[in-house]
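Reading through the structure tokens given below for one structure.
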Amino acid sequence: MSIEPLKKVYLYGKPRGHRTGSSENGSIGNIYIFSIIAAFVLFIACFNFINLTTAFSLKRAREIGVRKVLGASKKQLVLQFFMDAVLLCLIAFVIALALAALLLPLFNQLTGTIIATGVFENLYYIAGLLAIAVLVGLLSGIYPALFLSGFKPISSLKGQLASGNGGLMLRKSLVVAQFAISIILIISTVVVYNQLDFMQNQQLGFEKGHKLVIDYQYDQRITNHIDLVKQQLGTIKGVSAVSVSSTVPGTPNNKYPTQIANADNLFQEVLTDVYYFDGDFLSQYGIKVIAGRSFNKQFVLDEKAMLINEAMVQKMGYKNPEEAIGKRFKQFNTDGTIVGVVKDFHFHSAQELVQPLAIRPNSGFFTAITIDIRSTNMQQTIGQVEQQWKQLAPGLPLIYVFEDDAYNKQYLAQQRFGSLFVCFSVLAILISCLGLLGLAAFSTAQRKKEIGIRKVLGASVTSIAALLSKDFVRLVFIALIVASPLAWWAMHSWLQGFAYRIQISWWVFVFSGSAALLIALLTVSFQSIKAALANPVKSLKSE
């Protein structure tokens, strides 16, 4: 027995649940991960504000020049630009609140739990988010305010501006940071989905298809006539096999202290997972006996028998499964003998190592009936099972679940984690593209006359577009170099939480880098082609 705070059960506690379906628990680790990603997305948005503001600074150059000529000080201009940035963030904050209220039901559905029933439930959170919005406005407005207020009046009024190497390097660095974050998220998404696919498709050591599991709640009308119940259910058309057990793979089971004679023939006590089932369970679930024998179908004859799995063989120090046959055990008030060894099967999530397991045929623990349904009309067969159940146990509700659903339910949290990861990744990539678009617009505006001269001298549209795009391609390659080791470290650390895991292959980085490069080229190509197609006469005019 142990005590834990009720408030920590969901996020910090171990999974717990009912026999016919494991409960879902949260993960504080996932909350930390998504909080970090949300911060990354916010940073990307700040970078974009800087890039877009400086990219379109040419349009405000004359305004700034006029203001300075009319007596505006640099301090006043800095304050104005700060107010612009804060006001923009406050407008975005109001829009964000409206969108959050609108999309909250969809977000709750995506996460599989009710995060909140309303956005305005806690005004303290709203006040905190408002403060964050103001802070984001101030931080993202620092560089644009200093950059724009530093324009010289004469140059501004002529429209002749040069941001300098320092400003250009800053903007390029911001784009590299944006795409590094995006590539990290792309790599992470690919790894997460590959791991989930690996977990769901690896060999489990048992068959989980076509199985209907009924929980009869230890009802004595079933327990006392278990053979008759199995016989009656087995006569239903479409039912090919019936077995009884204390639990089924993928759902919670009990652990009991058990003494087993080890390799030195000394009793060793272990707190082990314990299954109780009849003689038909192993064949029905396709679990192989690799040494000794299974239980007798008349389980009364085997009341003092035990099966163990390969993990228990290793724990007891036996050299091979055959050595375990005939060893003594003590459990509760029963002294008995190990009669067989079964091949390891994943009775819990494939995320965990297979633990030592002891198996007994004690009918007092039976509560689950597994029915194999091999019917072309599943609903009709289930209806017949319901009719038969009403005769077998009048008034007892038919509580059932499909075994594959019960087992796969263990992966719901990881699947939702993957879905949220995709959403965050798409959002980050879209915002990064806006930043790249801003830098492309700024770059083409700065090189307008150069492009005009090249066209006059005979340069083709393709060559000009390639010229304007190559700098951005270089930035994406730099981002890939920066992102790859960070993404590998992050995903390697995440995979350590899985006992059975994939190896991060080289193609993941190639695919992610290629995807980021393609996205960047598609984003930049619009500005590049537009600049290359522009009339050189207009770009070379001085007035």
Side-chain angles (χ1 to χ4, degrees), residues 10-12 25-51 89 92-93 95-97 99-100 103-104 106-113 115-116 119 125 128-129 132-133 135-136 139-140 173-196 411-436 476 479-480 482-498 504 508-509 511-513 515-516 519-520:
Y10 182 73
L11 288 178
Y12 299 89
N25 68 311
S27 169
I28 190 65
N30 287 353
I31 289 179
Y32 289 147
I33 289 171
F34 286 125
S35 298
I36 292 170
I37 295 174
F40 280 160
V41 172
L42 189 60
F43 288 146
I44 290 174
C46 292
F47 299 161
N48 274 357
F49 179 78
I50 296 170
N51 272 337
C89 279
F93 173 69
I95 296 172
L97 282 179
L99 286 174
L103 298 176
L104 185 60
L106 182 63
F107 185 70
N108 286 339
Q109 183 179 352
L110 184 65
T111 57
T113 187
I115 301 296
V119 173
Y125 290 157
L129 291 170
I132 291 174
L135 181 62
V136 168
L139 291 176
S140 60
S173 299
L174 294 180
V175 171
V176 169
Q178 286 178 323
F179 268 85
I181 293 172
S182 299
I183 291 171
I184 288 173
L185 291 176
I186 294 172
I187 293 171
S188 301
T189 301
V190 174
V191 172
V192 166
Y193 268 87
N194 280 343
Q195 175 63 24
L196 292 178
Y411 303 130
L412 278 178
Q414 286 89 351
Q415 289 169 351
R416 288 164 182 157
F417 177 81
S419 299
L420 284 172
F421 224 109
V422 170
C423 293
F424 273 115
S425 300
V426 171
L427 186 61
I429 291 166
L430 286 176
I431 298 175
S432 296
C433 289
L434 287 176
L436 193 61
V476 175
L480 178 62
V482 172
S484 294
L486 294 174
W488 181 89
W489 173 81
M491 284 296 96
H492 178 75
S493 301
W494 180 74
L495 286 171
Q496 298 310 303
F498 299 87
I504 304 177
V508 173
F509 301 95
F511 170 81
S512 303
I519 292 167

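Index from 1, following the sequence.
A distance of 8.0 Å separates OG in Ser493 from CH2 in Trp488, rounded to the nearest 0.5 Å. Atoms CG and CG, on Asn108 and Leu104 in that order, are 4.5 Å from each other to the nearest 0.5 Å. To the nearest 0.5 Å, atoms CD (Gln178) and CZ (Phe40) are separated by 13.0 Å. With rounding to the nearest 0.5 angstrom, the CD1 atom of Ile44 is 10.5 Å from the CD1 atom of Ile37. Remark: Ile519 CD1 to Ser432 OG distance equals 9.0 Å, nearest 0.5 Å. Distance check, rounded to the nearest 0.5 Å: CD1 of Ile36 to CD1 of Ile181 gives 11.5 Å.
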Are Phe179 and Leu436 close enough, and set up right, to give a side-chain contact (heavy atoms from CB on, under 4.5 Å), and what steps lead you there?
CA-CA 9 Å; Phe179 268 85; Leu436 193 61; 3.7 Å; yes
With side-chain contact (heavy atoms from CB on, under 4.5 Å) as the criterion, how do Phe107 and Leu420 come out once you've worked through the C-alpha distance, each side chain's angles and the decisive distance to 0.1 Å?
CA-CA 9 Å; Phe107 185 70; Leu420 284 172; 3.6 Å; yes
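At a threshold of 4.5 Å between non-hydrogen side-chain atoms, the residues Val136 and Phe93 do not count as touching.
With sequence neighbours excluded, the residues that form a side chain to side chain contact (heavy atoms under 4.5 Å, CB included) with Tyr125 are Asn122. Residues passing the side-chain hydrogen bond (donor to acceptor under 3.5 Å, both in side chains) test with Ser425 are Thr189, sequence neighbours excluded.
Surrounding CZ of Phe417 are more than 12 heavy atoms belonging to other residues, nucleotides or ligands, all under 6.0 Å away. A 6.0 Å sphere centred on CZ of Phe43 holds no more than 12 heavy atoms belonging to other residues, nucleotides or ligands.
Residues Val176 and Ala479 share a closest heavy-atom pair of O-CB, 3.6 Å. Among all heavy-atom pairs drawn from Tyr193 and Ser419, the shortest one is OH-N, 3.5 Å. Between Met491 and Ile504, the shortest heavy-atom contact is CB-CD1, 3.7 Å. Ala516 and Ile183 make their closest contact through CB-CG1, 3.5 Å (heavy atoms, listed as atom of the first residue, atom of the second, distance). Across all their heavy atoms, Val192 and Gly418 have their closest contact at CG1-CA, 3.9 Å. Scanning all heavy atoms of the two residues, the minimum distance from Val482 to Ala180 falls at CG1-CB, 4.3 Å.
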